[in-house]
Enquirer: 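Got a structure for you, written out below as structure tokens; questions coming shortly.
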Amino acid sequence: MPYFRSEPQKADFLKLEEGILARWAREKTFERSVDRREGRDKFVFVEGPPTANGLPHPGHILTRVVKDLVLRYKTMRGFYVRRKAGWDTHGLPVEIEVEKELGISTKREIEIYGIEKFNRKCKESVFRYEKEWVNATKRVGFWIDMDDPYITFDNKYIESVWWSLKEIWKKGLLYKGHKVVPFCPRCETTLSSHEVAQGYQDVEDPSVYVKFKLKHEKDPEPLYLLAWTTTPWTLLGNIALAVHPLHRYVKVRVKEGAEEAVLILAEARLDVLEGEYEILEQFTGKDLEDLEYERLFDYAKVEGGKSHKVITADFVTLEEGTGVVHIAPAFGEVDYEVCREKKLGFSQPVNSEGRFTNEVPPLEGMFVKDADKLIIEMLKEQGSLYKEGRYLHSYPFCWRCNSPLLYYARESWFIAMSALRDNLLANNEKINWYPKHLKYGRFGNFLENIEDWALSRERFWGTPLNIWICTSCGKQYCVASIEELREKAKNSVSLGIDLHRPYIDDVVLKCEECGSDARRVKDVIDCWYDSGSAPFAQWHYPFEDEEFNQNFPADFITEAIDQTRGWFYSLLGVSTAIFDAPPYLNVLSLGHILDEKGVKMSKSKGNVVDINDIFNTDGADALRWYLFTAGPLTEDIRFSVSAIREKQNKFLNTLWNSYFFFVTYATIDNFSPKGKNIPVEKRSAIDRWIVSRLNTLTKDVIDALERFEIHVAVRKLEEFVIADLSNWYIRRSRRRFWIVEENFDKDCAYLTLYEVLVALCKLLAPFVPFITEHIYQNMVRGVSEDELESVHLCDYPTPDESLIEIELEDSMELVSRLVEAGRRARSDAGIKVRQPLREVVVVCGEGEKEKAASLAGILQDELNVHGVKFEEGVAAAENYNQVEVDEGTTLFLDISLDNTLIEEGLVRDIVRRIQGMRKDRDLEYTAKIRIMYEGDEAVKEAIKKFQDYICAETLAVGIEEGSSSAKGEQIYEKNWKIGKKDIHLAIEFV
RNA sequence: GGGCUCGUAGCUUAGCAUGGUUAGAGCGCUCGGCUGAUAACCGAGAGGUCCGGAGUUCAAAUCUCCGCGGGCCCA
């Protein structure tokens, strides 16, 4: 009974993977791989929660397999690696999906539909594609606990978030502010800066140069300030014009059609003028201060201070525009600030849907961006337009609904992150970033300039902001738990209350100060705060504190680069505000998956590759290996389906074939590694060499993985499998496996190949978990049931330094270079390798001689020569083809032939033909044949002389001259021409 | 406009941190060879302004600066 199960020469990876998935499910391999490390050092991971209301795409798969690789590796290294899945379930993306489904698009419509029903729909919708996510996650082999995930809409999760907000509130960092904030007019809510960052697009906007007429009673000629804007609609809210106090401004006379006009603008911006101009006067911006001008449009009410005058401000630049900046406090952050500072007025002619109010009758109800055209017409009519054009710039759009954002003065709740800037920076110091440039580059810069976090959302489906305000005295309450809510509520609150709107809106607190009702602020919070709370909220901290205490901070997180200011930031922000500690110690930022042309994959472009197609044609291991080898993962990957196939062919097939080779011959030979203990130092040089290479590889792979240089690790592994193991070790050692009788060297070969394959399997297990499991099952479990039940339960190999023989590796490398040189020498002479030659002479230094001499047999074999000589100094070169190998090393190949050599070559050709015929007929490797031959005299003579050799090589029981009497299925005949000689060969199957 | 990042053969890329052989592979192409594990492999050939320019240096794909182009992030 053979020890190993036979395998097909060609692997069916899809079927194989399916079988492995079933095995893992049956044997609970994942759970056991985690549990058996309990009590060991922890390696803490936090899953960045995906939103399951869309299908997973290749980018998600990339992060999932990278997470999986690292976590499997760390587990095999002996760490206790918990892996809790998570789902991000709140926020605008979800609401928008539901709105689409219901065919509605405004907040009012949602309110009419009913918040209760609406939120129920939201809750249903977030798991719409859960099945697809779970399937893809399992299919690609990502081991994560999806049976007990954290879900951001869970009451427990919300309770933890509430607790954290109260901590922030208690520190006085949570405040209500009136600020100009990015605002989505469609979603009718404020967006945070990191959300805005998601949605910049290049767009063409109008570019208008507008004349503001100065109130200049003495001078009969009208004088205008020339200002520039790309948002004409904001002109309706104009309150002031700003100039730089120190820059030089000029008064110029310009032609305007048939007429002339006198304008004021910055000297450095004169090139915006059309045609010729005459400079009338020069002064500085300061000289313009406090000049009053006439309103462009006398519609919107202006509240508060004095307006419509020139102010000076440092933020005015001369890089574009006219050096005169139009100021509308309702629509710009700096505008708002400067107006407040200078005690100017305020005017808000636009409502929260981004439409003009009835203060502006000609534009009432019109969406501001749509009004631009009309406004330009109005400017033209009243002669206020100097010129207009188009302007290409990037402008923020809502990251989910794609509406252009407006900057709009709103009341919002903020976390005072700017007050925590130093803490953020200090905590960032404790984090290792991969790639490292992010630490002080993109991320560090962002922290340096951190702004307060606009936390509140005037929406429905989200964690409700846990602030209650007394309707009469204005006292604020922040509630940290359900228990506290029950204590403070006027009405009775059940323990099982759903903390979402609208239920929470009905809970009224009794004001401790005045006894009046305190009502909850209607807002919900930014869902990025939800996911940023994952390190503690996934464990329901502090209501249950055990898990959190043991799992904070995380050792490792990884997501794509766009999370720099998304999750990577929200984690750090929340954690800094509450614990003043970094929430993760190592963060690996991955590049994006682009399509074959280098364009980011997105639904709207229709260039998203369907991952299920890949699972169904190439398999998970091929996809994983491709992704890992596609270059540094910190950079973008151009996704190529054909490259996946190439990887499968080259790498997985070569690995399979190495394994197949072993199993095939081990089965024939009934080889078992059991009880065979041959110390490595007793084995042949090539055995010691591959063992040495394996240990070097092990060291390199571990080094690379510890630095998250995954592409380096896979490159080393691939080189080893293809070049060292398959193309050199196995090819060179083949004959040792073909020896029929018991033989020490054969055992060494088997044992070595066995040990290398098993170790390799473990090294590769985190990368390609399916094929390695399959191989392990046959090679290890097939031999002994006492072994661990899965490769993924094993320890990761560690290098045995005592088995690394650098000199031997060097020598082998030199030999392979000599082989290359010898082949070139043959090729130059037009003599094929099958033709034996007399000798090769290597002229080299003492060191090289010493190195290569021990492996001379390999050189002799590879170059098919009868002898190898090493000499110092130059040898006679007649009849020798000469090839330079290295400096000081030259190879001389004797290319002279005699009859014996020619005969030997002929015999090898014949053997080759017979082997080819065996293969044509798919003969078993052990099947015996009988050979009949006819042909030229020279051929017959050669065969007779070497018949024993031919028989041994081709497993023939006899070889005879003449034609065969066998018929049909029993015989295979063919005519050959070798050089100029004819030969007829027949093989009979016996 | 600013920050970060990338740019190497038709395509995918290694090398760049720490400057030092003739810039190395794979796919594809041409020719030849090897092969009883291999859809693999080996040799030769064609294919490179290492994005361009300047600088530092005995020496630059590698370091610096300035451009150009792509990407991401921000204004």
Side-chain angles (χ1 to χ4, degrees), chain A residues 7 9-11 193-194 196-198 200 317 319-320 333-334 393-396 435-446 448-449 560-562 564-566 589 591-592 594 596 598-600 626 629-632 634-638 640 642-643 645-651 653-665 711-712 715 718-719 722-723 726-728 730-731 733-735 737-738 753 816 819-828 830-835 862 864 883 886-887 908 911-912 914-927 953-955:
Chain A
E7 292 281 13
Q9 179 150 2
K10 180 89 183 87
S193 53
H194 37 277
V196 177
Q198 308 269 326
Y200 275 84
T317 70
E319 274 147 10
E320 52 188 6
E333 194 176 347
V334 269
H393 62 154
S394 56
Y395 190 86
K436 62 171 180 274
H437 61 77
L438 288 174
K439 181 169 183 164
Y440 299 113
R442 187 180 290 197
F443 195 69
N445 288 340
F446 176 60
E448 292 275 358
N449 301 306
I561 178 87
D562 53 277
T564 310
R565 298 181 189 203
S589 159
H592 286 133
L594 312 177
E596 283 190 295
V599 179
K600 191 175 168 177
Y626 163 70
T629 51
T634 50
E635 282 165 36
D636 292 349
I637 295 173
R638 284 197 189 194
S640 154
S642 60
R645 303 227 160 106
E646 194 188 315
K647 282 297 166 193
Q648 192 185 53
N649 272 341
K650 273 183 91 93
F651 177 70
N653 275 343
T654 306
L655 177 64
W656 179 265
N657 281 319
S658 303
Y659 156 70
F660 171 75
F661 176 88
F662 174 84
V663 170
T664 303
Y665 287 99
H711 67 294
V712 173
R715 206 162 51 233
E718 197 164 273
E719 269 169 28
I722 295 172
S726 174
N727 286 339
W728 197 249
I730 295 182
R731 188 165 65 81
S733 302
R734 267 186 298 203
R735 297 189 153 262
F737 294 90
W738 297 343
L753 181 54
S816 81
V819 169
E820 262 176 47
R823 294 223 178 99
R824 213 176 321 142
R826 277 181 167 274
S827 182
D828 293 346
I831 300 174
K832 57 190 176 186
V833 178
R834 218 178 288 127
Q835 173 61 59
E862 285 287 316
N864 194 16
V883 171
D886 291 316
E887 204 181 331
R908 288 197 53 164
V911 168
R912 163 79 195 108
I914 297 167
Q915 302 289 36
M917 290 170 74
R918 289 184 65 112
K919 202 176 179 182
D920 282 351
R921 282 305 167 99
D922 271 335
L923 287 195
E924 292 290 325
Y925 296 119
T926 49
E953 287 293 304
T954 61
L955 289 186

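This one's a predicted model, so the numbers in the text were calculated from it and none came from an experiment. Within every chain, numbering begins at 1; the chains are lettered A, B, ... in the order of the sequence lines, protein sequences first and strands thereafter.
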Enquirer: Would you kindly check whether a donor in the side chain of A/S726 faces an acceptor in the base of B/A37, or vice versa, at under 3.5 angstrom?
Expert: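 It does, because a donor-acceptor pair links the side chain of A/S726 to the base of B/A37 below 3.5 Å.
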
Enquirer: Rounding to a whole Å, what distance do you find between A/E635:CD and B/A14:C1'?
Expert: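 Whole-Å distance recorded here is 12 Å.
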
Enquirer: Rounded to the nearest Å, what distance is computed from the CD1 atom of residue A/I637 to the P atom of nucleotide B/C6?
Expert: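 Spelled out: CD1 on A/I637 to P on B/C6 is 15 Å.
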
Enquirer: Take atom P in B/U49 and the same atom in B/C42, then report the distance between them in whole Å.
Expert: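 Looking at atom P only, B/U49 and B/C42 are 26 Å apart.
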
Enquirer: When you compare B/C63 with B/G1, how far apart are their C1' atoms, in angstrom units rounded to a whole number?
Expert: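 These two C1' atoms come out 28 Å apart once rounded.
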
Enquirer: Determine which nucleotide pairs with B/C63, using a 3.5 Å limit on both distances of a Watson-Crick or G-U wobble pair.
Expert: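 Check on B/C63: paired to B/G55, both distances under 3.5 Å.
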
Enquirer: If you assign A/R715 and A/K436 each to the RNA chain B nucleotide with the nearest heavy atom, which residue ends up on the more 5' nucleotide?
Expert: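 Result: A/R715.
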
Enquirer: Any chance you could measure A/N727, atom CG, to A/T654, atom OG1, to the nearest 0.5 Å?
Expert: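 The distance works out to 7.5 Å.
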
Enquirer: For A/R826 and B/G43, is the shortest distance between a side-chain N/O and OP1 or OP2 below 4.0 Å?
Expert: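 For A/R826, the contact criterion (side-chain N or O under 4.0 Å from OP1 or OP2 of B/G43) is not met.
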
Enquirer: Compare side-chain N and O positions of A/Y659 against OP1 and OP2 of B/A37 and report whether any pair is under 4.0 Å apart.
Expert: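 No, outside the criterion.
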
Enquirer: Please measure how far the C1' atom in B/G19 lies from the corresponding atom in B/C50, and state the result in whole Å.
Expert: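 15 Å, rounded to whole Å.
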
Enquirer: Checking contacts here: which listed nucleotide (B/U35, B/A14, B/A39) is nearest the side-chain heavy atoms of A/N653?
Expert: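 So the side chain of A/N653 is nearest to B/A39.
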
Enquirer: Using the C1' atom in both, what is the distance from B/A17 to B/A60, to the nearest Å?
Expert: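 B/A17 and B/A60 have their C1' atoms separated by 15 Å.
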
Enquirer: In whole angstrom, what separates A/I730's CD1 from B/C34's P?
Expert: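 To the nearest whole Å, that distance equals 22 Å.
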
Enquirer: Taking only side-chain nitrogens and oxygens of A/R638, does any of them come within less than 4.0 Å of OP1 or OP2 of B/U12?
Expert: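 For B/U12, OP1/OP2 do have a side-chain N/O of A/R638 under 4.0 Å.
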
Enquirer: Identify whether any heavy atom of A/T564 sits under 4.0 Å from a base atom; if not, whether one sits that close to sugar-phosphate; answer base, sugar-phosphate or nothing.
Expert: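 Since no nucleic acid heavy atom lies under 4.0 Å of A/T564, the category is nothing.
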
Enquirer: On RNA chain B, compare the nucleotides closest to A/H592 and A/Q9; which residue's is nearer the 5' end?
Expert: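 The answer here is A/Q9.
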
Enquirer: P atom, B/G10 versus B/A46: distance in rounded Å?
Expert: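 Straight-line distance between the two P atoms is 15 Å.
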
Enquirer: For B/A40 and A/W656 - does any side-chain N or O of the residue sit under 4.0 Å from the phosphate oxygens OP1/OP2?
Expert: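 Indeed not, no polar side-chain atom of A/W656 lies that close.
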
Enquirer: Could you give the distance separating B/A44 and B/A61 at their C1' atoms, to the nearest angstrom?
Expert: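 That atom pair is separated by 27 Å.
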
Enquirer: Say we look at B/A9 and B/G48: how far apart would their C1' atoms be, to the nearest angstrom?
Expert: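 It works out to 5 Å between them.
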
Enquirer: Rounded to whole Å, please give me the gap between NZ in A/K650 and P in B/U38.
Expert: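 Value for this atom pair: 17 Å.
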
Enquirer: With A/R912, which residues qualify under salt bridge (charged side-chain N to carboxylate O under 4.0 Å, His left out), at least two apart?
Expert: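 With neighbours one apart ignored, the set is empty.
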
Enquirer: Watson-Crick or G-U wobble partner for B/U38, using a 3.5 Å limit on both distances?
Expert: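 Pairing partner, where one exists within any strand: none, as none qualifies.
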
Enquirer: Once you apply the 3.5 Å cut-off to both distances, tell me the Watson-Crick or G-U wobble partner of B/G1, or none.
Expert: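 B/G1 is paired, partner B/C74.
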
Enquirer: Under a 3.5 Å cut-off for both distances, is B/G47 Watson-Crick or wobble paired, and to whom?
Expert: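 Its partner is none (no Watson-Crick or G-U wobble pair with both distances under 3.5 Å).
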
Enquirer: Could you tell me whether a side-chain N or O of A/T629 sits under 3.5 Å from a main-chain N or O of A/Y626, the two making a donor and an acceptor?
Expert: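 The answer is yes, because a donor-acceptor pair under 3.5 Å joins these two groups.
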
Enquirer: In this structure, how many angstroms lie between the C1' atom of B/U38 and the CZ atom of A/F662, rounded?
Expert: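 Spelled out: CZ on A/F662 to C1' on B/U38 is 17 Å.
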
Enquirer: On a whole-Å scale, what distance lies between the C1' atoms belonging to B/G43 and B/C34?
Expert: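 Taking atom C1' in both B/G43 and B/C34, they lie 10 Å apart.
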
Enquirer: In Watson-Crick or G-U wobble terms, both distances under 3.5 Å, what is the partner of B/A25?
Expert: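 B/A25 is paired, partner B/U12.
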
Enquirer: Rounding to an integer number of Å, can you tell me how far A/D636 CG sits from B/C4 C1'?
Expert: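 Between C1' of B/C4 and CG of A/D636: 13 Å.
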
Enquirer: Check whether the side chain of A/R442 and the base of B/C72 form a donor-acceptor pair under 3.5 Å.
Expert: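 Indeed, a donor on one side and an acceptor on the other fall under 3.5 Å apart.
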
Enquirer: Distance from A/Q915 atom CD to A/R908 atom CZ, nearest 0.5 Å?
Expert: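 Rounded to the nearest 0.5 Å, the CD-CZ separation comes out at 11.0 Å.
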
Enquirer: Under 30°, 30 to 60°, or over 60°: which ring-plane class applies to A/F737 and A/Y665, parallel, tilted or perpendicular?
Expert: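 Tilted: the ring planes of A/F737 and A/Y665 meet at 30° to 60°.
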
Enquirer: Once you round to the nearest 0.5 Å, how far does CZ of A/R645 lie from OG of A/S640?
Expert: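 Rounded to the nearest 0.5 Å, the CZ-OG separation comes to 9.5 Å.
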
Enquirer: To the nearest Å, give me how far apart CD (A/E719) and P (B/G15) are.
Expert: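 From A/E719 CD to B/G15 P: 11 Å.
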
Enquirer: Check the distance between B/A37's P and A/W728's CH2 and give it to me in whole angstrom.
Expert: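 Value for this atom pair: 16 Å.
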
Enquirer: Paired with B/G69 by Watson-Crick or G-U wobble geometry, both distances under 3.5 Å: which nucleotide is it?
Expert: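 Its partner is B/C6.
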
Enquirer: Aromatic rings A/F446 and A/F443: how do their planes relate, parallel, tilted or perpendicular, breaks at 30° and 60°?
Expert: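 Aromatic pair A/F446/A/F443 classed tilted.
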
Enquirer: Check every atom of B/U35, B/A39, B/C42 against the side chain of A/R823 and return the nucleotide holding the closest atom.
Expert: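 Closest nucleotide to the A/R823 side chain: B/C42.
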
